[in-house]
Amino acid sequence: MSKQGEKTYFSIVMARLVKNPFAIWGGAAVALLFILAIFAPFICPYDPGVVETRILLQAPNAKHWLGTDELGRDVLSRMIYGARISLMVGIVSIGIATVIGVIVGAISGYYGGWVDELMMRFVDIMLTFPTFFLILAVIAILEPDIMNVMIVIGITGWMGVARLVRAEFLSLKQRDFVVAARSLGQSDFLIIFKHILPNAMAPVLVSATLGIAGAILTESALSFLGIGVQPPTPSWGSILTEGKNYIEFAWWLSVFPGLAILITVLGYNLLGEALRDALDTRLN
Amino acid sequence: MMMPIMVGITIITFAVIHLAPGEPTDRMTDMNPKISAQAKQKMREMYNLDKPLHVQYLLWFKRFVKLDFGTSFSPDNRPVLDKILERLPITIFINVVSLALIFVLSIPLGVISATRPYSLFDKGTTLFVFMGFSTPGFWLSLLMMILFGVKLGWLPISGIRSINFDEFTAWGQVVDYTRHLIMPVLLSSLTSLAFLSRVTRQNMLEVIRQDYVTTARAKGCTENGVMYRHALRNALLPIVTIVGLSVPSLIGGSVIFETIFSIPGMGMLFYESVMSRDYPLVMGVLVIGAVLTLVGNLLADISYAVADPRIRYE
C-alpha cells in the first residue's frame with residue numbers, strides 16, 4: 001500500500017509516540033515491569049519464600065533494600081515476583097475480555113438486525129451490574145485462585161470492547177474494500193477477520209492497554225480483600241494485606257507494594273493515552 | 001426497556017449462584033453435624049432444589065416480583081430484604097454525596113484546564129488526574145487512616161459515629177457523623193473525580209472550536225458567559241452519560257471502602273455475605289445493586305433531557 005519514500009502508518013505512529021513524554025514514561029514503567037517479571041529469578045537478591053526468623057520486620061537497610069516482613073522474608077524479592085502476578089493477571093484477563101469483546105462486537109456490527117439487537121441488550125444487562133460485586137460473588141463461590149481471578153475479570157470486562165468494535169464495524173462494512181471483497185465472493189468469516197478487523201484494531205489496542213491498568217487494580221483489590229491470589233504466592237495486593245496489620249511500626253510493608261501498583265497502573269494509563277493520541281487518524 | 005433488563009439481571013444472578021459446586025444448602029448442612037437427612041430434605045424443598053433448574057428460577061422469580069428474596073442463611077434467619085434495606089441508606093447517602101462532590105469539583109477543574117491548555121494549572125491537573133485513577137483506593141485509604149487517624153488524630157478511622165454519639169447535641173451529632181464520613185467520601189470519589197475532569201477537559205477543548213462559540217464571542221459575550229453558558233452546556237451532555245455509567249463502579253467500590261472504614265452499609269453486608277456464602281443474601285444484593293444502577297441511568301437520562309432541549313422536544 002505504501003510507496004517507496006512514503007511514510008507507513010506504523011512509522012507515523014511510532015514517530016508520534018517517541019515525541020510524547022506520556023509514551024516515554026509509561027513505556028519505561030511497563031518495560032521495567034516486564035524485565036523484572038521475566039528475569040525475576042536472576043534479579044532477586046533472596047528467595048522470596050525463605051522464612052528467616054532472625055530478621056523479622058526489619059526496616060529497609062543495606063542488605064534488605066525494602067526491609068523484611070513478619071516472617072523475615074525479603075520484601076524486594078517478594079515484590080519482584082509479585083510483578084509476575086500483576087503482569088500475568090493484566091494480560092491474561094484483558095486477553096480474554098478482548099477476544100470476547102471483539103467477537104461479539106464484530107458479529108453484532110457486521111450482521112446487524114436481530115443478532116445485533118440481542119447481543120447489545122445482553123451488553124446493556126451486563127453493564128448494569130456493579131462489576132466488582134459480580135466478580136466478588138463469582139470468585140467467592142468458585143474458590144479464590146489466580147486462574148479464577150483472571151477468568152472472571154475477563155468475562156466481566158468485555159462489554160466496552162464489544163461496543164467499540166461494533167461501532168467500527170458499522171462504519172467499515174460500508175466501505176469500498178468490503179463491498180469489493182464481498183463481490184469477489186469471499187466468505188463472511190474472511191471478510192470479518194481478514195478485511196475489516198485489522199482496520200478496527202486501533203481503538204481496541206487503546207482500550208486493552210487501559211484495561212490492563214484496570215485489571216491490575218482489580219486483582220490487587222481482590223487480593224487485599226483476601227479473595228484474590230492466595231498466600232504464599234506473593235502478589236502486591238496480598239503483600240499489602242499481610243503488611244497492613246503491622247502498618248503502625250512497619251510502614252515499608254504497606255507503602256512499597258502500593259507504590260508498585262501505582263507506578264505500574266500509571267505506566268499503562270499513560271501508555272494507553274499516548275497510543276490513543278498516536279493512533280488518531282484525524283490529527284496529522 | 002427496563003423490564004427485559006430486569007429479567008436479564010435476575011437470570012444472570014441466578015446463574016452465578018448456581019455456578020457453585022454442590023448445592024447451596026451443602027454449606028449450611030455440612031457444617032452442622034446435628035442436622036438430619038430429613039431436615040436437609042426440608043431445606044432443599046424450601047429452596048426448591050429438588051426441581052429442575054428452570055422451575056427453580058421461575059419460582060424464585062415469582063417471589064422476586066413480590067420483593068421476597070427469602071431468608072438469610074446466617075443464624076439470625078432474617079428476611080434478606082430487611083437486612084439489605086437497613087444497610088442501604090448509608091451506602092446511598094455516601095454515594096450521593098460522592099457524586100455531588102465529583103460533579104462540583106471535576107467540572108470546574110476540567111473547564112479551567114481546557115481554557116488554559118498546557119498552562120501550569122492544566123499540567124498540575126493532568127498529573128492529579130493520572131495519579132487519581134492509577135492509585136489503588138484501598139492503599140490510599142490505609143495511608144490516610146494512618147496519617148489523619150492515628151498519627152495526627154484529626155479524624156476517626158472506623159464506623160459512622162462515636163461510641164458516645166447519643167450524648168451529643170443535635171449539632172454535635174451532625175459534626176460527629178460528618179467527621180466519620182469525610183475520608184470514605186473523599187476516597188471513594190477520587191477515581192471518578194479524576195476521570196470526569198479529564199473527560200470535561202477533552203469535551204471542552206472540542207466544543208471551544210465550534211462556530212457557535214465564536215459567534216457568542218463575536219456578539220460580545222463575556223468570556224465567562226461564553227464558557228459557562230455556551231460551551232459548557234454542550235460539553236456537559238457526554239459527561240452526564242459518563243456519570244450515569246460510573247454509578248456501578250461507585251457502588252462496587254463501596255465494598256472496599258465500607259470494609260476498610262467499617263461502615264455498616266450494603267458493601268460491607270455484601271462482603272460478609274460472600275465470605276459466609278449466604279447465597280440468598282448474595283443474590284439479593286446483586287439484584288439491588290443492579291437496580292440502583294438502573295435508577296442511576298434513568299436519572300442520567302432525565303438530566304440529559306434537562307440539559308439538552310433537542311431531546312425534550314422530540
Side-chain angles (χ1 to χ4, degrees), chain A residues 22 25-26 29 121-122 124-143 152 156 160 210 213-214 216-227 236-237 240-241 243-244 247-248 251 254-255 257-270 273, chain B residues 1 4-9 11-13 16-21 24 126 130-131 133-140 142-143 145-146 150-151 191 198 245 247-256 259-260 267 270-271 273-277 279 282-283 285-286 289-294 296-297:
Chain A
F22 276 19
W25 287 104
R121 287 297 81 75
F122 185 60
D124 288 342
I125 293 167
M126 286 295 289
L127 281 174
T128 53
F129 279 103
T131 314
F132 200 69
F133 275 23
L134 205 56
I135 295 176
L136 212 62
V138 175
I139 290 180
I141 289 168
L142 287 180
E143 294 307 317
V152 174
T156 51
L210 298 173
I216 292 175
L217 274 182
T218 305
E219 181 274 320
S220 65
L222 286 171
S223 296
F224 181 78
L225 290 174
I227 48 176
W236 294 337
L240 233 168
T241 315
K244 75 168 190 269
I247 190 167
E248 281 179 61
W251 54 269
S254 306
V255 171
L259 270 181
I261 301 169
L262 171 60
I263 292 170
T264 306
V265 173
L266 188 60
Y268 274 109
N269 276 332
L270 291 176
E273 193 82 3
Chain B
M1 203 47 248
I5 290 189
M6 220 41 246
V7 173
I9 287 167
I11 291 179
I12 293 178
T13 309
V16 164
I17 297 300
H18 284 267
L19 281 176
T126 305
F130 277 93
M131 294 298 262
F133 55 66
S134 303
T135 306
F138 57 89
W139 176 66
L140 195 61
L142 266 183
L143 299 187
M145 275 168 86
I146 292 301
V150 182
K151 295 267 189 290
T191 312
R198 188 78 186 159
L245 284 174
V247 170
S249 69
L250 271 179
I251 298 175
S254 64
V255 177
I256 295 171
T259 314
I260 292 177
F270 187 63
Y271 181 65
S273 69
V274 159
M275 293 318 268
S276 62
R277 310 212 176 174
Y279 294 118
V282 171
M283 283 166 105
V285 178
L286 268 180
V291 171
L292 286 181
T293 309
L294 276 182
N297 289 345

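Lettering of chains follows the sequences in order, A, B, ..., and the numbering in each one begins at 1.
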| remark: d(I12(B) CD1, F122(A) CZ) to nearest 0.5 Å is 4.5 Å
| Which portion of T191(B) sits near chain A, non-hydrogen atoms under 4.5 angstrom | neither
| Looking at F270(B), F133(B), Y271(B), W139(B), which one has more heavy-atom pairs under 4.5 Å with chain A than the rest? | W139(B)
| query | Which region of A213(A), side chain (C-beta onward) or backbone (N, CA, C, O), has a non-hydrogen atom less than 4.5 Å from a non-hydrogen atom of chain B, or is it both or neither? | reply | neither
| message | Using 0.5 Å steps for rounding, measure from the CD1 atom of I256(B) to the CG atom of L222(A). | response | 7.5 Å
| query | Pick from N269(A), I139(A), I263(A), I261(A): which one has the most heavy-atom pairs with chain B under 4.5 Å? | reply | N269(A)
| Where do P136(B) and L217(A) come nearest, in terms of heavy atoms and distance? | CA-CD2, 3.7 Å
| Side chain, backbone, both or neither: which part of V291(B) has a heavy atom under 4.5 Å from chain A? | neither
| note | In this structure, CD1 of I5(B) is separated from CD1 of I125(A) (nearest 0.5 Å) by 6.0 Å
| remark: Among T264(A), T131(A), L136(A), L134(A), the residue with the most heavy-atom pairs under 4.5 Å to chain B is L136(A)
| If you look at every heavy atom in F133(A) and V255(B), which pair is closest and at what distance? | CE1-CG2, 3.1 Å
| field | Under 4.5 Å from any heavy atom of chain A - which part of I260(B) | value | side chain
| field | Side chain, backbone, both or neither of L259(A) within contact of chain B (heavy atoms, under 4.5 Å) | value | both
| Nearest heavy-atom neighbours spanning T128(A) and T293(B) | O-OG1, 3.0 Å
| said: Looking at every non-hydrogen atom in both residues, tell me the closest pair between P248(B) and L127(A) and how far apart they are. | reply: CG-O, 3.8 Å
| message | Given heavy-atom pairs under 4.5 angstrom as the criterion, report whether the side chain, backbone, both or neither of S249(B) touches chain A. | response | neither
| note | Turns out that what part of L286(B) lies under 4.5 Å from chain A's heavy atoms comes down to both
| message | So which residue, W251(A), Y268(A), F129(A), ends up with the most heavy-atom pairs under 4.5 Å with chain B? | response | F129(A)
| request: Look at the rings of F130(B) and F22(A) and say which category their plane angle falls in: under 30° parallel, 30 to 60° tilted, over 60° perpendicular. | output: perpendicular
| What do the steps show when you test L266(A) against M131(B) for side chain to side chain contact (heavy atoms under 4.5 Å, CB included), and what is the final call? | CA-CA 7 Å; L266(A) 188 60; M131(B) 294 298 262; 3.8 Å; yes
| task | Please look at S273(B) and chain A and tell me whether the side chain, the backbone, both or neither of the residue comes under 4.5 angstrom of a heavy atom of that chain. | result | neither
| V150(B) versus chain A, the contacting section by heavy-atom distance below 4.5 Å | side chain
